[in-house]
Amino acid sequence: MSATTHRVDAPLLYVRNHHPAECGRPPRIDDRGPSQYLGYFENQHGEQAVFVYDRDARQALLYVGDAGWEAPYTVIDGAVPDLVLAETERVWVHACWQAATSNAKEVET
C-alpha cells in the first residue's frame, strides 16, 4: 500500500446537502481540532442533521437542514428544547450526546 493513497488527513466522509436553497447555506464543519465530536443523521425523507460537540467548551449544537441550516440549536443534556424532533431524531441526538460526553463523565468522577 502506498502512503500517498491512504493519507492520514484524507476526508473520511463527504455528504451532499439534500435541502433546497430556502433552507440556507449548510454548515462547513472542519474536524481537524481534536476537541470535537461529530454526528450525522438522515431520516427516511432525506432530511439531514449534524451534531457538533465541543469537548473543551462542553457544549453541543445541532444543525438541522429543514429547520434552517444557518441557525443551529443548543443541545442540553442530550435534548434540544427549542426544536420539535421526531422520535428517531431524539434518539439519535441523545446517542450522540452520550457518545460525546461519556469520557468527560469518567474524568469528573
Side-chain angles (χ1 to χ4, degrees):
M1 292 187 170
S2 168
T4 58
T5 305
H6 300 289
R7 290 186 3 224
V8 173
D9 67 341
L12 178 63
L13 177 69
Y14 179 80
V15 179
R16 294 189 184 276
N17 177 26
H18 300 171
H19 296 278
E22 297 82 43
C23 292
R25 184 179 302 242
R28 294 193 55 85
I29 299 166
D30 183 352
D31 75 332
R32 292 182 191 187
S35 67
Q36 281 188 336
Y37 174 89
L38 304 176
Y40 172 77
F41 179 84
E42 183 178 327
N43 69 16
Q44 70 272 22
H45 306 292
E47 297 166 340
Q48 298 165 292
V50 179
F51 176 97
V52 180
Y53 183 80
D54 183 323
R55 290 183 182 104
D56 294 336
R58 295 184 178 186
Q59 295 178 338
L61 294 175
L62 183 66
Y63 295 87
V64 183
D66 62 319
W69 281 124
E70 295 173 10
Y73 292 85
T74 302
V75 180
I76 301 171
D77 293 328
V80 189
D82 296 331
L83 185 63
V84 176
L85 296 172
E87 177 65 19
T88 55
E89 294 164 332
R90 285 193 305 272
V91 169
W92 169 75
V93 168
H94 188 71
C96 285
W97 179 266
Q98 287 184 311
T101 62
S102 64
N103 287 341
K105 291 175 185 172
E106 291 172 7
V107 170
E108 290 174 6
T109 58

So which heavy atom on [X] is nearest to which on [Y], and how close?
| X | Y | result |
| --- | --- | --- |
| Cys96 | Gly39 | SG-CA, 4.1 Å |
| Leu83 | Ala67 | CD1-CB, 4.0 Å |
| Ala60 | Phe51 | CB-CZ, 3.8 Å |
| Arg16 | His18 | O-CD2, 3.1 Å |

Inset, instruction - Report yes or no: do Val75 and Val50 belong to one cluster of Ile/Leu/Val/Met/Phe/Trp/Tyr joined by side chain heavy-atom distances under 4.5 Å? - result: no
Inset, instruction - Following the transitive rule for hydrophobic clusters with a side-chain heavy-atom cut-off under 4.5 Å over Ile, Leu, Val, Met, Phe, Trp and Tyr, establish whether Val93 and Phe41 coincide in one cluster. - result: yes
Inset, instruction - May I ask you to check whether over 12 heavy atoms, not counting those of His19, lie within 6.0 Å of atom NE2? - result: yes
Legend entry - salt bridge (charged side-chain N to carboxylate O under 4.0 Å, His left out) contacts touching residues 46-55 (sequence neighbours left out): none
Legend entry - Under the salt bridge (charged side-chain N to carboxylate O under 4.0 Å, His left out) test, residues paired with Asp77 that sit two or more places apart: none
Inset, instruction - List for me each residue that meets salt bridge (charged side-chain N to carboxylate O under 4.0 Å, His left out) alongside Arg90, sequence neighbours excluded, and say none if there are none. - result: Glu87
Legend entry - Pairs meeting criterion side-chain hydrogen bond (donor to acceptor under 3.5 Å, both in side chains) with involvement of residues 60-70, two or more places apart: Asn17-Trp69
Inset, instruction - Would you indicate whether the side-chain heavy atoms of Leu62 and Trp92 approach each other to under 4.5 Å? - result: yes
Legend entry - side chain to side chain contact (heavy atoms under 4.5 Å, CB included) partners of Ala86, counting only residues at least two apart: Thr88, Glu89
Legend entry - Counterpart residues, side chain to side chain contact (heavy atoms under 4.5 Å, CB included), relative to Gln36 (two or more places apart): Ile29, Asp31, Leu38, Val52
Inset, instruction - Nearest 0.5 Å please: distance from the CG atom of Leu61 over to the OH atom of Tyr53. - result: 11.5 Å
